[in-house]
Amino acid sequence: MDYQKLADRLFPYISETMEMMEEKYPERDLPEGAKVTRIAPSPTGFMHLGNLYGAMVDERLAHQSGGIFYLRIEDTDRKRLVENGVETILKVFHKFGLEFDEGATLEGDWGNYGPYTQSERASIYQTYVKALVAMGKAYPCFCTEEELAAIHEEQEKEKENFGYYGKYAVWRDRSEEEVYTQLDKGMPYVIRFRSEGSIERKIRFEDQIKGKMEITENDQDVVILKSDGLPTYHFAHVIDDHLMHTTHVVRGEEWLSTLPIHLQLFDALGLKKPKYAHTAQLMKIDDGKKRKLSKRKDPELALDFYFQNGIPVKGAVEYLLTLLNSNFEDWRRANPDAPYQDFPFSTKKMSGSGALFDIDKLNDVCKNVVSRMSAEEVYEKTVQWAEEYDPDFAALLKEDPDYSKAILSIGRGSKKPRKDFGRWSEVKAYVSFFFEPLFAPKYEELPAHLPKELVLRILSDYTKIYDPSLSQDEWFAQLKEICPSYGMTADMKAYKAAPQEYTGSVGDLSMVLRIAVCGRSQAPDLYSVMQLLGKERVIHRLDQLKEWLEAEND
RNA sequence: GGCCCCUUGGUCAAGAGGUUAAGACAUCGCCCUUUCACGGCGGUAACGUGGGUUCAAUUCCCGCAGGGGUCACCA
C-alpha cells in the first residue's frame, strides 16, 4: 500500500504540513511555571454547577501561576448545536467572575492561537490526519452504521469486548484495490487510527488529582475524522491542546477511560503531552443512590436556576471552593475579607472521590457570605436580582435607596452580624414590613395569654409616651418602667421562676409592640425598626392593631 | 460483561503506621437573649470486608464487596 498516494487521494486540497503548523503556532512566551488551561464546552447552551466546578480549577491554575486561561468552543457535533449557545456560555462565566484571557468571544477570536472554534479548524485537523495516513498510522473505513451494529451484536453473542479492533477492524488491512474501488464509487468513510496497543499491556500514568495509576492500553482503531470531515473529540483534543499549548488539561473523570487513546495519539504524532487533572464529578442523590450530575436529568442544577433563586454569585463560588479544596473554609475563617483569589489553591488538595451536592451547606455558605457584605453591596445585588425576577420589588427598593440601605444595615457590620438571609430572593420577606405595600400584619401572632383589654391599654398608652429621641437604652428602660402598671415584670428570671404571678414579662410587652409595628413576631431589633419607620408610622401602626382588635370584638 | 476510578459520622472532609480519629454543615440539648437572626457550651454519630506485612494498621500490600464512570462518525 502506497500510503502517501492514499493520503493525497484522501486530502488533495490539504497542502500544508505538520511542520508548517508547528511554525504557525509557536511555543508561548510565558514565565517559568505559568500554566495554560482552558475550558472547552460544547455549545449546547446548558451550563450547570459541574461545569463551573471544573472551570474554577482551570481558572485558578492559570491565574495563580501567571498563565493563560482560554475558551475553546467544541462544536464538532453539528447535530447538537444550539442557537446562542456560545452567548450563554460567555454570559455565565462572566457572571461568575471567570474571565478569559484568550479564545472565542461574540465578536470573534481573541488571541494568536485560533481559530478557537473547532468547526473552523477542519483543515488544521485534516493536515494532521493526512500526515497520519501518509505514515500508515491511519486509514479510511467504509463501514456503515448497520455493519458496525452487526459487529457489536456478534461481540455481544460471543461475549467478546466491544469495538473496532483485531479481526473486527475490517478495513484495517484491506487491499489498495478495495479501498480505491470504494473511493471511486464515492462511498462515505471515516478515518480511523491504526492502534498498535494491546489490552495485555498497561501504561503507568500520573494524574494531577488522582495520582499514580495503571491503565490498560487502547487496542481500538478509533475514529479520528468523521465522515463530515470534522474530528472526533479524541483527535480534536490532541491537536488543539497541542497547538494552543495547553499545559494542564482539567476535565471530568469520565474522560479517564479514553485517556489511553489520547496518550496514544500524542505519541503517534510525536507530540508532547500535557499534564492531566481528572476531577471527581459532582454527584447528587437520586432514589437513594449517588449519581453523577446530569444535564438532562438535573435541570434544577442549571446555573440559570441559581440566578433565578437569587443565590449570590460569591456564595456559589465559595461553596464550590470548599468542595474543591476543603481547607478553603479554614482559610476563609482566618481571612474573612480577602478575595478568594488570594487563597492558595492546589490540585493536590482535591478529593479523588465525587462530592455530593449539599444544598444545606450551600445555604450556610451563602448566609455567611452575605453577612460579610456591606449594606450598600447587599442593596445593589438585591436590586440587580429583583430587576430581573421581581421588578415591583426592585422599584420599591429604588424609591428611596437610602431608606432601603438603612434597613439592610440593621445588625450589619459588627463581629457577629445578623444572618437573616443567604439569597436575594429572601430579602423581600425579611424587609417587607418596612414598605407599606408589602405590610401584611399577622396580628394573630399576639401572645395568646395576654387579655385583649390589656393589649388595648398598652397600645393606647404607648401611643402617648413613644419618644423617638430616646437612645436605645433609654427606650428599653422606659419599657421596663411601665411593666408594673400592666402587672408585668421586667425581671426575666423572676418571671421564668413564677410566670403565674404576672400577666406577662417585658418580653410580652415588647412583643405586643413588635406585632403592631412589624406585623409579625420575628423581626430584627425593634428599636432600630421604629427609628427607621419614624414616629408617625409607628403610631399609625399601633392604631391599626387597636382597630383590628376592636373590630374583632363584634 | 470488559476496562478504569473511588470507599473515614447523614453530608463535605482532616489525618498519621502508635491520635481521646480534627473541623464545617445538618441534627439534638443547654446557655445567652425583649422576638428572631447571631453567639457560646455540650450530645448523638465514622475508618466497607477478609487476609497478609508489623511489636503495632483505619493508615502499607493483596483479594472481595459496594458505589461511580466508560465502552458512538457525543462531547
Side-chain angles (χ1 to χ4, degrees), chain A residues 40-42 44 74-77 79-80 118 141 143-145 148-149 152 155-156 159-164 188-192 199 207 210 213-218 220 222-228 230-234 236-237 251-260 278 280-281 283 285 289-292 319 322-323 325-327 329-330 332-333 349 351-365 367 371 410-411 414-421 430 445 447 476 479-480 490 492 505-515 518 520-527:
Chain A
S42 38
T44 55
E74 310 224 323
D75 61 344
T76 54
D77 186 0
K79 295 185 286 283
R80 294 205 310 180
Q118 289 182 335
C141 162
C143 280
T144 62
E145 233 177 276
L148 290 173
H152 189 93
Q155 290 166 333
E156 198 156 31
K159 290 197 179 7
E160 292 194 76
N161 286 341
F162 301 131
Y164 199 91
Y189 61 88
V190 299
I191 303 291
R192 288 181 184 273
I199 54 171
D207 186 80
K210 301 200 182 255
M213 57 180 80
E214 252 185 22
I215 47 183
T216 308
E217 277 187 6
N218 169 58
Q220 307 261 336
V222 295
V223 174
I224 54 177
L225 201 69
K226 300 187 279 189
S227 56
D228 63 2
L230 287 173
T232 54
Y233 169 87
H234 310 304
H237 152 55
R251 40 145 71 154
E253 67 183 343
E254 70 268 25
W255 290 109
L256 223 37
S257 55
T258 47
L259 180 65
H278 288 94
Q281 295 290 281
M283 313 290 271
I285 284 280
K289 290 189 169 176
K290 249 185 169 185
R291 200 197 69 211
K292 170 186 156 190
Y319 170 62
T322 66
L323 288 186
N325 269 197
S326 64
N327 55 326
E329 280 189 278
D330 294 335
R332 175 49 85 202
R333 255 190 295 281
K349 296 292 286 182
S351 170
S353 52
L356 214 49
F357 174 74
D358 185 351
I359 189 86
D360 285 328
K361 184 76 182 183
L362 204 218
N363 285 147
D364 181 68
V365 171
K367 273 186 165 187
S371 79
I410 295 177
S414 67
K415 289 141 295 196
K416 297 181 194 170
R418 294 187 64 89
K419 297 181 181 174
D420 294 287
F421 51 86
Y430 173 66
E445 289 185 16
F476 194 62
L479 284 190
K480 285 180 173 172
M492 290 307 288
S505 70
V506 68
D508 294 311
L509 179 60
S510 308
M511 187 54 82
V512 170
L513 299 178
R514 181 174 295 108
I515 299 265
C518 305
R520 64 191 197 207
S521 59
Q522 301 178 359
D525 175 53
L526 184 55
Y527 174 79

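Sequence lines set the chain letters: A, B, ... in the order given, protein chains first and strands last, and positions in each chain run from 1. Just so it is clear, the model here is predicted, and its values are computed rather than measured.
Within the 4.0 Å cut-off from OP1 or OP2 of B/A75, not a single side-chain nitrogen or oxygen of A/K79 is found. Close to B/C73, at under 4.0 Å from its OP1 or OP2, lies a side-chain N or O of A/R192. Close to B/A75, at under 4.0 Å from its OP1 or OP2, lies a side-chain N or O of A/T76. The side chain of A/K419 places an N or O atom within less than 4.0 Å of a non-bridging phosphate oxygen (OP1 or OP2) of B/G39. Within the 4.0 Å cut-off from OP1 or OP2 of B/G40, not a single side-chain nitrogen or oxygen of A/K415 is found. Contact between the side-chain N/O atoms of A/T216 and the OP1/OP2 oxygens of B/C4 is found at a separation under 4.0 Å. When the side-chain nitrogen and oxygen atoms of A/K226 are compared with OP1 and OP2 of B/A72, none of them lie within a distance under 4.0 Å.
Using a 4.0 Å heavy-atom cutoff across all strands shown, A/F476 reaches at least one base atom of the nucleic acid. Nucleic acid contact for A/C143: base, since at least one base atom lies under 4.0 Å from a heavy atom of the residue. When heavy atoms are screened at a 4.0 angstrom cut-off, A/G352 is found touching the sugar-phosphate backbone but no base atom. Using a 4.0 Å heavy-atom cutoff across all strands shown, A/S351 reaches sugar-phosphate atoms only and no base atom. Counting non-hydrogen atoms under 4.0 angstrom, A/Q281 reaches nothing in the nucleic acid. Residue-level contact check: A/V223 touches the backbone only, with heavy atoms under 4.0 Å from sugar-phosphate atoms and none from bases. A/P188 comes within contact range of no nucleotide atom at all, as no heavy-atom separation falls under 4.0 Å.
Remark: the A/R514 side chain and the B/U34 base include a donor-acceptor N/O pair separated by less than 3.5 Å. Scanning atom types as modelled, no donor and acceptor separated by under 3.5 angstrom connect the side chain of A/R520 and the base of B/C36. The base of B/C73 is paired with the side chain of A/S227 by a donor and an acceptor separated by under 3.5 Å.
When distances run from any side-chain atom of A/K416 to the nucleotides B/U34, B/C12, B/C38, the shortest one goes to B/C38. For A/D360, the listed nucleotide lying nearest its side chain is B/A26; candidates were B/U34, B/C36, B/A26. The listed nucleotides are B/C6, B/C4, B/G23; the one nearest the side chain of A/S353 is B/C6. If you check B/A24, B/A37, B/U11 against the side chain of A/D358, the one that comes closest is B/U11. Distance from the side chain of A/E254 is smallest for B/U70 among the nucleotides B/U34, B/U70, B/G1. Taking the side chain of A/S257 as heavy atoms from C-beta on, and the options B/C6, B/U34, B/U70, the nearest nucleotide is B/U70. For A/S326, counting side-chain heavy atoms from C-beta on, the closest listed nucleotide (B/G69, B/A24, B/A14) is B/A14. Closest to the side chain of A/K361, out of B/G15, B/A24, B/C71, is B/A24. For A/L323, counting side-chain heavy atoms from C-beta on, the closest listed nucleotide (B/A37, B/C12, B/C25) is B/C12. Among the nucleotides B/G2, B/A75, B/U11, the one closest to any side-chain atom of A/T258 is B/A75.
In this structure, A/E160 places its CD atom 14 Å from P of B/C3, rounding to the nearest Å. When the P atom of B/C25 is taken as reference, atom CZ of A/F357 falls 17 Å away, rounded to whole Å. If you measure from atom CG of A/L148 to atom P of B/C73, you get 6 Å, rounded to the nearest angstrom. Protein atom CH2 of A/W255 is 10 Å distant from nucleotide atom P of B/U70, rounded to whole Å. Per the geometry, CG belonging to A/D364 stands 16 Å off P belonging to B/G23, to the nearest Å. Rounded to an integer number of Å, the gap from A/Y189 OH to B/C73 P is 17 Å. Straight-line distance from the CZ atom of A/R80 to the P atom of B/C73: 14 Å, rounded to whole Å. In this structure, A/L356 places its CG atom 13 Å from C1' of B/A26, rounding to the nearest Å.
Atom CE in A/M213 sits 7.5 Å away from atom NE2 in A/H278 (nearest 0.5 Å). To the nearest 0.5 Å, the span separating NZ on A/K210 from OG on A/S351 amounts to 8.0 Å.
Ring-to-base geometry does not place A/Y233 in a stacked arrangement with B/C74 (centre distance under 5.5 Å, plane angle under 30° required).
Nucleotides B/C6 and B/A13 have their C1' atoms positioned 15 Å apart, rounded to a whole Å. With C1' as the reference atom, B/A46 and B/U8 are 5 Å apart, rounded to whole Å. Here, B/U70 and B/A14 have their P atoms 25 Å apart, quoted to the whole Å. Nucleotides B/U7 and B/C41, compared at atom P, are 33 Å apart to the nearest Å. Between B/G50 and B/C31, the two C1' atoms lie 49 Å apart (nearest whole Å). A gap of 49 Å separates the C1' atoms of B/G52 and B/G40, to the nearest Å. Rounded to whole Å, the P atom of B/G63 lies 12 Å from the corresponding atom of B/C5. Across B/G15 and B/U34, the matching P atoms stand 44 Å from one another, rounded to whole Å.
Two residues, A/L256 and A/F162, neighbour RNA chain B, and the one matched to the more 5' nucleotide by heavy-atom proximity is A/F162. When each of A/D330 and A/T322 is assigned the nucleotide of RNA chain B bearing its nearest heavy atom, the one mapping closer to the 5' terminus is A/T322.
Annotation for A/E214: atom CD counts as buried by contact number, over 12 foreign heavy atoms lying within 6.0 Å. Counted within 6.0 Å of NZ on A/K226, heavy atoms from surrounding residues, nucleotides or ligands total more than 12; the atom is thus considered enclosed.
Figure legend. B/G42 is base-paired to B/C28; pairs are counted as Watson-Crick or G-U wobble with both atom distances under 3.5 Å. Base pairing analysis places B/A37 opposite nothing; no Watson-Crick or G-U wobble pair with both distances below 3.5 Å involves it. With both pairing distances under 3.5 Å, B/U54 is matched to nothing as a Watson-Crick or G-U wobble pair. B/C3 is paired with B/G69 under the Watson-Crick or G-U wobble criterion, all donor-acceptor distances under 3.5 Å. Summarising the base pairing, B/G63 is matched to B/U49 through a Watson-Crick or G-U wobble pair whose two defining distances lie under 3.5 Å.
Panel note: side chain A/Y319, backbone A/D358; a donor-acceptor pair is recorded below 3.5 Å. Remark: side-chain polar atoms of A/Q155 are paired, donor with acceptor, to backbone N or O of A/G163 under 3.5 angstrom. The closest donor-acceptor contact from the side chain of A/S371 to the backbone of A/K419 lies at 3.5 Å or more, if one exists at all.
Between A/F162 and A/H152, the ring planes lie parallel to each other; the angle is under 30°, not in the 30° to 60° tilted range. Between A/F421 and A/Y430, the ring-plane angle classifies as tilted under the 30° and 60° cut-offs.
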Begin from the C-alpha positions of A/D330 and A/R333 and carry the test salt bridge (charged side-chain N to carboxylate O under 4.0 Å, His left out) through to its verdict. CA-CA 5 Å; A/D330 294 335; A/R333 255 190 295 281; 3.1 Å; yes
